[in-house]
Q: 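This is the structure I want to talk about, given as structure tokens.
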Protein chains: 2
Amino acid sequence: MGSGSRYGHTDAGARRLTSERRERMTEQAAHRALAHPEPGGIRLEDVLHALSDPVRLGIVRRLADAPDALACSAFDVPVTKSTSTHHFRVLRESGVVRQTYRGTAKLNALRRAELDALFPGLLDHVLAAADAEDTRRA
Amino acid sequence: MGSGSRYGHTDAGARRLTSERRERMTEQAAHRALAHPEPGGIRLEDVLHALSDPVRLGIVRRLADAPDALACSAFDVPVTKSTSTHHFRVLRESGVVRQTYRGTAKLNALRRAELDALFPGLLDHVLAAADAEDTRRA
DNA sequence: ATCGTACTACGAAGGTTCTCGAAGTACGAG
DNA sequence: CTCGTACTTCGAGAACCTTCGTAGTACGAT
């Protein structure tokens, strides 16, 4: 999980996610390993970026209310399967969720404890803010 | 400040900022009015998106430490003037900062009270998270 | 009136993101 | 083994973001 440069010509520009595109599914499934950032490699800006998309924020909110990990198919997202895959990957690579295979399903769990250790209260307040916005607009 | 569609073919896609590009500087300066979203029009996703850029987060952090409003030129951002203008506009249009003219300067102030009313504790926790990340990496 | 400082608008480049459809792989059930 | 379900990869398109340089406007001071 190196850091890829992004946007523009200067080194001071934003840096965000890297993808492990070169790892084919065959191999991924073989050793059942999905690349996750270590806690120390989780960056605030990536987390905020991940949460700034309505589809992904919806996924995270749903996940926060679930007692257990959920398969990708358990979410009612307004996009196709392939787009859904993309969003789950962004969430995983930013460190927001942890994904594990289980049979044909891929389980998703919020990395609550790790995020709380890094950024105390942040996730809860974002979730509360999302709820507050819902209430306000209702 | 309508909402423009963004990305892709479906209506379910993300929606974010609109720009008031058509207002020329002449007119802006004339009636000294910059478009700001009303408190009710501030959206969580826009705020998170605004804060997910390192340049903008830096601006917001500096602003949070300042007792008074600061001119754009008071910030030591690693980009050119025109790029800086862009970032300040994103911050303004997302509702994070309030901008007012004063002579040739444009003063920037965090919309703390309004943001706290909408999303209690969110801004403080993002700022704290940014500090925590700094500390951790030092 | 002229000058300098502060900020803006415009046009463009280059990369990223979100989206889709079609085809493919992995796994468990029958 | 074959089938169905779950998820992925690939290829593509459109919109968007960040960045820049150049040229321009606004305001205060000289």
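No experiment lies behind these values; they were computed from the predicted model shown.
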Q: Return the value, rounded to whole Å, for the distance between atom CD1 of B:Ile59 and atom P of C:dC7.
A: 12 Å
Q: Would you say C:dC20 has OP1 or OP2 under 4.0 Å from some side-chain N or O of A:Thr83?
A: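 Answer yes for this pair, as a side-chain N or O of A:Thr83 is under 4.0 Å from OP1 or OP2.
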Q: Salt bridge or not for B:Arg61 and B:Asp134, using N-O below 4.0 Å?
A: yes
Q: Distance check needed: D:dT18 P versus B:Phe88 CZ, whole Å only.
A: 14 Å
Q: Closest approach to the side chain of A:Thr80, judged atom by atom: which nucleotide of D:dA26, C:dG21, D:dT19 is it?
A: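 Among D:dA26, C:dG21, D:dT19, the one nearest the side chain of A:Thr80 is C:dG21.
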Q: From the options D:dC17, C:dG21, D:dA26, select the nucleotide whose nearest atom is closest to the side chain of B:His49.
A: D:dC17
Q: Roughly how many Å is it from OH in B:Tyr101 to P in D:dT25, rounded to a whole number?
A: 14 Å
Q: Which of parallel (below 30°), tilted (30 to 60°) and perpendicular (above 60°) describes A:Phe75 and A:Phe88?
A: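 Ring orientation, 0 to 90° scale: perpendicular.
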Q: Between the side chains of B:Thr83 and B:Thr80, does any donor sit under 3.5 Å from an acceptor?
A: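 B:Thr83 vs B:Thr80: donor-acceptor pair found between side chains.
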Q: Between C:dC18, D:dA6, C:dC20, which nucleotide has the shortest distance from any of its atoms to the side chain of A:Thr104?
A: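 From the listed options, D:dA6 comes nearest.
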Q: Looking at C:dC18, I'd like to know if its phosphate oxygens (OP1 or OP2) sit under 4.0 Å from a side-chain N or O belonging to A:Arg56.
A: yes
Q: May I ask you to evaluate whether B:His86 reaches the phosphate of C:dA9, defined as a side-chain N or O under 4.0 Å from OP1 or OP2?
A: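 No, B:His86 has no side-chain N/O under 4.0 Å of OP1/OP2 on C:dA9.
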Q: For the side chain of B:Ala105, starting at C-beta, report the closest nucleotide among D:dA26, C:dC18, C:dC7.
A: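 Of D:dA26, C:dC18, C:dC7, C:dC7 is nearest to the side chain of B:Ala105.
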Q: To the side chain of A:Ser73, which of D:dT22, D:dC7, C:dC20 is closest?
A: D:dC7
Q: When you check the phosphate oxygens OP1 and OP2 of D:dC27, does a side-chain N or O of B:Arg102 lie under 4.0 Å from one of them?
A: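 Answer no for this pair, as no side-chain N or O of B:Arg102 is under 4.0 Å from OP1 or OP2.
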Q: Can you identify which nucleotide, out of D:dC7, C:dC7, D:dG21, has its nearest atom closest to the B:Lys81 side chain?
A: C:dC7
Q: Taking NZ, NE, NH1 and NH2 as the nitrogens, is one of them in A:Arg62 or A:Asp76 under 4.0 Å from a carboxylate oxygen of the other?
A: no
Q: In this structure, how many angstroms lie between the P atom of C:dA9 and the CZ atom of B:Arg89, rounded?
A: 6 Å
Q: Return the set of residues passing ring pair (Phe, Tyr, Trp, His ring centres under 6.0 Å) with B:His87 (not counting sequence neighbours), or none when no residue passes.
A: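 Expected list: none.
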Q: Check every atom of C:dT19, D:dT19, D:dC20 against the side chain of A:His87 and return the nucleotide holding the closest atom.
A: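 Output: C:dT19.
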Q: Name the closest nucleotide to the A:Val79 side chain, picking from D:dT18, D:dT9, C:dC20.
A: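 Closest nucleotide to the A:Val79 side chain: C:dC20.
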